[in-house]
Number of protein chains: 2
Amino acid sequence: MFSQSEENYLKAIYHLEIDADKGISTNAIAKKLDTKASSVTDMVKKLSDKEVVVYKKYKGVKLTNLGKKTAASIVRKHRLWEVFLVEKLNFSWDEVHDVAEQLEHIKSPKLVDQIDAFLGFPIHDPHGDPIPDKEGNINTIDKSLLSTLTKNESGVCVGVNDSSSEFLQFLDKKGITLGKQITVLEKENFDDSLSILIEDRKLSISNKIANNLYIQKK
Amino acid sequence: MFSQSEENYLKAIYHLEIDADKGISTNAIAKKLDTKASSVTDMVKKLSDKEVVVYKKYKGVKLTNLGKKTAASIVRKHRLWEVFLVEKLNFSWDEVHDVAEQLEHIKSPKLVDQIDAFLGFPIHDPHGDPIPDKEGNINTIDKSLLSTLTKNESGVCVGVNDSSSEFLQFLDKKGITLGKQITVLEKENFDDSLSILIEDRKLSISNKIANNLYIQKK
DNA sequence: ATTAATTTTTAGACAAGTCTAAAAATTAAT
DNA sequence: ATTAATTTTTAGACTTGTCTAAAAATTAAT
Ligand SMILES: [Mn+2]
Ligand SMILES: [Mn+2]
Ligand SMILES: [Mn+2]
Ligand SMILES: [Mn+2]
């Protein structure tokens with residue numbers, strides 16, 4: 001059906017489309033996939049022939065419905081595998097991404113269904129990202145960046161914006177994990193740093209950190 | 001390290017070497033991989049450059065120690081994944097091979113170790129084939145083809161020679177599974193068919209079947 | 001020991017996916 | 001409205017892995 005490379009392009013476009021109204025630019029895709037714009041142009045033509053994107057020269061690309069569904073199924077696999085690695089094989093949340101990048105390309109509908117059931121039909125991956133269902137629908141919760149909360153607002157930590165292993169390991173070191181209760185005690189004006197209460201501990205957090213943590217307000 | 005294609009060649013040579021003294025012929029590899037002899041010649045040169053086989057024109061190839069270890073690690077992964085699929089994900093033994101063919105190429109030492117532990121360090125795959133350890137050593141048991149047993153000999157069914165889904169499904173239909181006690185009641189001379197006792201049932205079996213079932217005598 | 005059949009290798013081609021360098025189109029700046 | 005900067009596309013090349021057809025080597029048969 002689709003080659004590994006084609007699947008990676010579809011996934012990249014899928015992720016770029018989340019916060020974008022116009023077509024996705026050649027350069028944006030090239031940057032995301034760490035490849036050259038000329039390679040993207042070539043591939044995008046192929047994907048257009050296969051009717052998973054619509055492409056008009058110089059105008060960027062958009063996924064078709066088929067493209068969206070295909071991309072979502074790859075993201076679904078990626079995130080299910082991440083859950084599997086953490087829940088069943090004792091991987092930590094900063095170790096799973098690279099392996100999931102490989103596992104997401106395994107082609108076996110039964111395997112996906114069985115892993116899903118084996119894990120108890122999880123809704124979120126270890127980084128708080130939603131797992132698309134079979135049809136590609138995702139259950140979006142309304143989460144806010146911690147940096148957008150004001151003094152005395154509070155909520156539960158439900159996701160990360162940056163899931164690089166450096167950032168995740170930093171969070172581990174600070175004891176910040178998904179599911180924990182967070183309250184903003186103070187917000188400094190000159191550097192936008194925060195003083196927060198996480199569970200029972202008081203913690204100082206830079207704006208860069210706060211910009212990469214998602215909170216579900218309550 | 002090695003491409004998917006290179007790994008498949010190594011595995012094919014590994015399996016062909018099991019019952020072979022001379023070098024493995026180009027044609028044998030081509031047949032096993034369902035490819036052309038000319039393609040094999042090309043690849044074998046590449047593998048020789050990478051020092052996983054020794055190759056002399058017209059003389060066939062042999063795995064080096066590095067080649068053997070590499071091939072064994074792929075077989076190890078293949079068989080561990082097969083166990084996982086059967087034991088944890090409710091696959092039947094005739095469904096696992098094609099998926100394992102994909103999964104065996106996933107590169108993550110930690111993943112292999114963890115799957116191994118998760119499964120309780122299995123020694124055999126669902127077809128009775130031994131799982132190489134980390135160093136590539138395999139624990140060979142002395143098994144005999146059912147067709148070589150004589151009247152009144154008995155033992156335990158421990159493996160299959162043919163693991164095509166057709167054959168495996170046939171065995172399912174007849175109620176022949178690994179671990180069952182088998183005794184030869186009668187051996188017909190004119191067609192080498194067998195009358196056997198499996199657990200408590202009496203069964204008639206053609207020579208072709210008996211030629212593809214392994215028994216551990218006792 | 002020649003000849004014939006088979007196996008293996010070489011030569012040349014092709015598809016997929018990528019790259020560099022140059023041309024063309026678009027967008028931003030004066 | 002031109003000119004300049006940026007983005008995108010094209011043209012041509014390269015790598016990996018494959019194929020067909022032809023040549024060379026080996027093995028089998030007379
Ligand atoms: Mn990931
Ligand atoms: Mn994730
Ligand atoms: Mn198998
Ligand atoms: Mn097997």
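Because the structure is predicted, anything quoted here is derived from the model rather than measured. Here is the naming used below: chain letters follow the sequence lines, and residue numbers restart at 1 for every chain.
Nearest nucleotide to the side chain of B:Thr41, out of C:dT9, D:dT18, D:dT8: C:dT9. Closest to the side chain of B:Thr35, out of C:dA24, C:dT20, D:dT18, is D:dT18. Comparing D:dT9, D:dT16, D:dT18 against the side chain of B:Lys46 picks out D:dT16 as the nearest. For A:Tyr58, counting side-chain heavy atoms from C-beta on, the closest listed nucleotide (D:dT8, C:dT8, D:dT18) is D:dT8.
Between A:Asp34 atom CG and C:dG17 atom C1' the separation is 15 Å, expressed in whole Å. Put simply, CG on B:Leu47 is 13 Å from P on D:dT16, counting in whole angstrom units. Residue A:Lys56 contributes atom NZ, which lies 18 Å from atom C1' of D:dT7 at whole-angstrom precision. Taking atom CG on B:Asp42 and atom P on D:dT20, their separation rounds to 13 Å, with Å as the unit. Taking atom CE of A:Met43 as the reference point, atom C1' of D:dT8 lies 17 Å away to the nearest angstrom. Atom-to-atom, CD of B:Glu6 to C1' of D:dT18 comes out at 14 Å; the value is rounded to the nearest Å. Spacing between atom CZ of B:Phe2 and atom P of D:dT16 amounts to 14 Å, rounded to whole angstrom units. In this structure, CG of A:Asn8 is placed 14 Å from C1' of C:dT18, rounded to the nearest angstrom.
The shortest distance between the side-chain N/O atoms of B:Lys57 and the OP1/OP2 oxygens of C:dT10 is below 4.0 Å. Look at A:Ser5 and you'll find a side-chain N or O under 4.0 angstrom from OP1 or OP2 of C:dT18. OP1 or OP2 of C:dC19 sits under 4.0 Å from a side-chain N or O of A:Ser39. Considering only side-chain N and O atoms, A:Tyr9 lies nowhere under 4.0 angstrom from the phosphate OP1 or OP2 of C:dA16. The side chain of A:Asn27 places an N or O atom within less than 4.0 Å of a non-bridging phosphate oxygen (OP1 or OP2) of D:dT8. Note on B:Tyr55: a side-chain N or O is less than 4.0 Å away from OP1 or OP2 of C:dT9. Between A:Ser3 and C:dG17 there is a side-chain N or O to OP1 or OP2 distance below 4.0 Å.
Each of A:Lys50, A:Lys46, A:Lys11 was evaluated against A:Glu6; a single residue qualifies, A:Lys50, per the salt bridge (charged side-chain N to carboxylate O under 4.0 Å, His left out) test.
The two residues B:Thr26 and B:Ala37 have their closest heavy-atom pair at CG2-O, 3.4 Å. Residues B:Ser108 and A:Val99 come closest through the heavy atom pair OG-CG2, 3.8 Å.
The base-pairing partner of D:dA28, taking Watson-Crick or G-U wobble contacts with both distances under 3.5 Å, is C:dT3. Judged by Watson-Crick or G-U wobble contacts below 3.5 Å, the nucleotide D:dT18 has C:dA13 as its partner.
Salt-bridge annotation for B:Asp142 and B:Lys217: absent, with no side-chain N of the basic residue lying under 4.0 Å from a carboxylate O of the acidic one.
Here the two rings, on B:His78 and B:His97, have centers that are under 6.0 Å apart. Close placement of the B:Phe84 and A:Phe84 rings is indicated, their centers lying within 6.0 Å of each other.
Here B:Lys45 lies in heavy-atom contact (under 4.0 Å) with sugar-phosphate atoms only.
Side-chain atoms of B:Ser38 and base atoms of D:dT20 include a donor and an acceptor less than 3.5 Å apart.
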